[in-house]
Amino acid sequence: MGQDGRVNRRSTEEHRAAVDALLAPLFENRVSELLEVSPQRLAEHSGEFRARVLASDLLSPTDLPNFDNSQMDGYAVSWFDLVTASPENPVELLVAAQIAAGDGAEPLASGTAAPIMTGAPVPPGADAIVPIEQAIPPRFAAIASSETAEETPEASGATSDTPVAASAPATVSFIEPVTPGTFIRRTGSDVRAGAVLLPAGSPLGPAQLGVIAGTGLTVIDVVRRIRVLLVSTGHEIREPGTTLGAGQIFDANSVSLSVALIEAGCEVTAVPCRSDDAVDLLGILAAHASAHDLIITVGGVSAGAREVVRDALGPLGVEFGTVAMQPGGPQGFGRATLDDVVRPVLSLPGNPVSALVSFEMFVRPALRRLAQSEPADRMREVAMIIGATDSPPGVYQVRRGFVHDDGTVELVGGPSSHLLHSYASSNALVHIPADVEHLDAGDPVMVWRIDE
Ligand SMILES: Nc1nc2c(c(=O)[nH]1)N[C@H]1C(S)=C(S)[C@@H](COP(=O)(O)OP(=O)(O)OC[C@H]3O[C@@H](n4cnc5c(N)ncnc54)[C@H](O)[C@@H]3O)O[C@H]1N2
Ligand code: MOO
């Protein structure tokens, strides 16, 4: 540590390791909570389903499928009835009652074929499905909808005004044998009752939540997400939608970092501190610390006369120093006791680009790696830079860029850390290592894609 509590300039690797070590305890013995999985819950609280991970092995309460059912629209038959079928000697069967998905199924009598729809239960006595295209006639339009083979149109209540029933043939023919089991989706062929549906640690995406719903479960045990208290600071920041006074700006960081944290799998409470007074900041932190796992502050860390974050947290033991990086040079990190609870604290610089780049460089990778999210890192690729550029000596520079399909990357905007609009027009961060001071057009550079 140098004078006034500042650490010496450290490399990006050193700071990344420090952030990893600071956050690692948050991922040990994580608390679980119940999540209700229902369409209503999704409609009303869709955010609760973001970045969820199963806390314990989930056993399937049922077979999936939970009954033998048809994979095709066609006829349920007994294979034995079609043993002799051939084009020269078609087998003609009586048409039994139709079975649709959602119906119960009466047993199939020998010598009959039941029109059956995809997902409908295979009736007892049937052991194969012949797709409608392989039957004669090869369509249902010409057959009765739900009358049994014994029923005449009149007996079933059909009149001459109901052409489907009136023109219904009572028989259907087949010209080839069928193997038992054909086009039957067997009970438990996806998962067996009592088997592990999803193991502990499974990320819960559309397919995982879908299969859970498919078993009928409505409540599951999930890992509680890291709860982040996000405190943007500055006398000048005001909530978007309000009226600005002289020298004031709208608070972009609360929004950009909240979204970044949510996308990284956290729960976020954003409570801005619109004051440069350390007492005000400490009041906010103390009020919210116990309900959160991690505190992230933004702004107030550089060399000004009133640096609210440094002023408040420096005396509590948070270290403030400089990383050899641009943007994102000034950084703070450590553990602070706030309202009798000890919490890890990360203090990011206030310039909007610096804050987001710091998040991408240190916070996001740590959160994702420690949560064992795959891939932990942004997609990285080497691209050819379109124009020449310089980079300050001894500083790891992160520029904003746009990668084109042909593998080239053009820089978007300059290196200044207030250019959030340029960041918003980019799809990649362009990494220029500390020992590179100049790049010529066509030189290869490492880029991290930020558009996924
Ligand atoms: N003499 C020096 N001055 C500065 C240094 C330095 O080393 N010596 N470092 C510069 C660098 S690099 C950065 S980055 C900034 C970091 O400053 P702070 O973390 O103290 O941030 P602030 O001063 O509070 O704000 C910086 C800038 O960003 C604007 N800002 C802050 N919060 C928000 C917000 N929520 N939404 C939108 N914009 C925000 C703020 O108005 C300032 O313009 O320090 C340099 N100075
Ligand atoms: O390093 Mo600062 O973080 O340029 O904006």
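Sequence positions, counted from 1, serve as the residue numbers for this chain. Just so you know, ligand 1 is whichever comes first in the structure, and atom 1 is the first atom listed for that ligand.
- The shortest distance between side-chain heavy atoms of D20 and F362 does not fall below 4.5 Å.
- Closest approach of V353 to H418, counting heavy atoms only: CG2-C, 4.3 Å.
- In the vicinity of S417, heavy-atom distances shorter than 4.0 Å reach the ligand 2 atoms 2 (Mo), 4 (O), 5 (O).
- No part of H418 comes within 4.0 Å of ligand 1, judged by heavy-atom distances.
- Near E307, meaning under 4.0 Å from one of its heavy atoms, ligand 1 places the atoms 20 (O).
- When each atom of ligand 1 is checked for a heavy atom of E236 under 4.0 Å away, the hits are 31 (C), 40 (C), 41 (O).
- The proximity of S416 to ligand 2, defined as any non-hydrogen pair under 4.0 Å, does not occur for either the backbone or the side chain.
- Using cut-offs of 30° and 60° for the angle between ring planes, the F333 and H15 rings count as perpendicular.
- Proximity of P272 to ligand 1, defined as any heavy-atom pair under 4.0 Å, is not found for any part of the residue.
- Applying the salt bridge (charged side-chain N to carboxylate O under 4.0 Å, His left out) test between D293 and each of R343, R224, R30 identifies R224 as the sole match.
- S391 pairs with exactly one of Q397, E437, R399, Q326 by the side-chain hydrogen bond (donor to acceptor under 3.5 Å, both in side chains) rule, that one being Q397.
- Backbone and side-chain nitrogen or oxygen atoms of V301 are examined, and one is located within less than 3.5 angstrom of a nitrogen or oxygen of ligand 1.
- Shown in contact with G300 at under 4.0 Å from a heavy atom are these atoms of ligand 1, numbered in order with element: 18 (P), 19 (O), 20 (O), 21 (O), 22 (P), 24 (O).
- Taking the charged nitrogens against the carboxylate oxygens, D377 and R369 do have a contact shorter than 4.0 Å, which makes a salt bridge.
- Between the E360 side chain and the L356 main chain, no donor and acceptor come within less than 3.5 Å of each other.
- Within 6.0 Å of NE2 on H404 lie more than 12 heavy atoms contributed by other residues, nucleotides or ligands.
- Shown in contact with F250 at under 4.0 Å from a heavy atom are these atoms of ligand 1, numbered in order with element: 36 (N), 37 (C).
- Closest heavy-atom approach to atom 38 (N) of ligand 1 among the candidates V231, V357, I249, L348: I249.
- Contacts with ligand 1 closer than 4.0 Å are made by heavy atoms of both the backbone and the side chain of P349.
- Closest to atom 28 (O) of ligand 1 by heavy atom, among G299, S416, G350, is G350.
- Atoms of ligand 1 lying under 4.0 Å from at least one heavy atom of I237, given by number and element, are 32 (N), 33 (C), 34 (C), 35 (N).
- Summary of contacts: the protein heavy atom closest to atom 2 (Mo) of ligand 2 is S354 OG, 3.5 Å.
- For R368 and E263, the salt-bridge test fails: no basic side-chain N is under 4.0 Å from an acidic carboxylate O.
- Less than 4.0 angstrom separates some heavy atom of P330 from each of these atoms of ligand 2: 1 (O), 3 (O).
- Shown in contact with T233 at under 4.0 Å from a heavy atom are these atoms of ligand 1, numbered in order with element: 32 (N).
- Counting only non-hydrogen atoms, the option in P352, G329, P330 that gets closest to atom 11 (C) of ligand 1 is P330.
- Counting heavy atoms of neighbouring residues, nucleotides and ligands inside a 6.0 Å radius, atom CD of E33 exceeds 12 of them.
- Distance from atom 3 (O) of ligand 2 to its nearest protein heavy atom, with residue and atom name: G328 N, 2.5 Å.
- Residue contacts with ligand 2 do not include S358, since none of its heavy atoms lies under 4.0 Å from the ligand.
- For V309, the heavy-atom gap to ligand 1 stays at 4.0 angstrom or more.
- In this structure, E44 places its CD atom where more than 12 heavy-atom neighbours from other residues, nucleotides or ligands lie under 6.0 Å away.
- Here's the thing with D251: one of its N/O atoms is less than 3.5 angstrom from an N/O atom of ligand 1.
- Counting heavy-atom neighbours within 6.0 Å of H235 NE2, excluding the residue itself, gives a total of 12 or less.
- Between Y423 and V412, the closest side-chain pair of non-hydrogen atoms is not below 4.5 Å.
- The atoms of ligand 2 that sit less than 4.0 Å from any heavy atom of G329 are 1 (O), 3 (O).
- Residue contacts with ligand 1, taken as heavy atom pairs separated by less than 4.0 Å, involve S354 solely via side-chain atoms from C-beta onward.
- Residue Q326 approaches ligand 2 through these ligand atoms, each under 4.0 Å from one of its heavy atoms: 4 (O).
- Side-chain contact between F67 and V122: absent, with no pair of heavy atoms (C-beta onward) separated by less than 4.5 Å.
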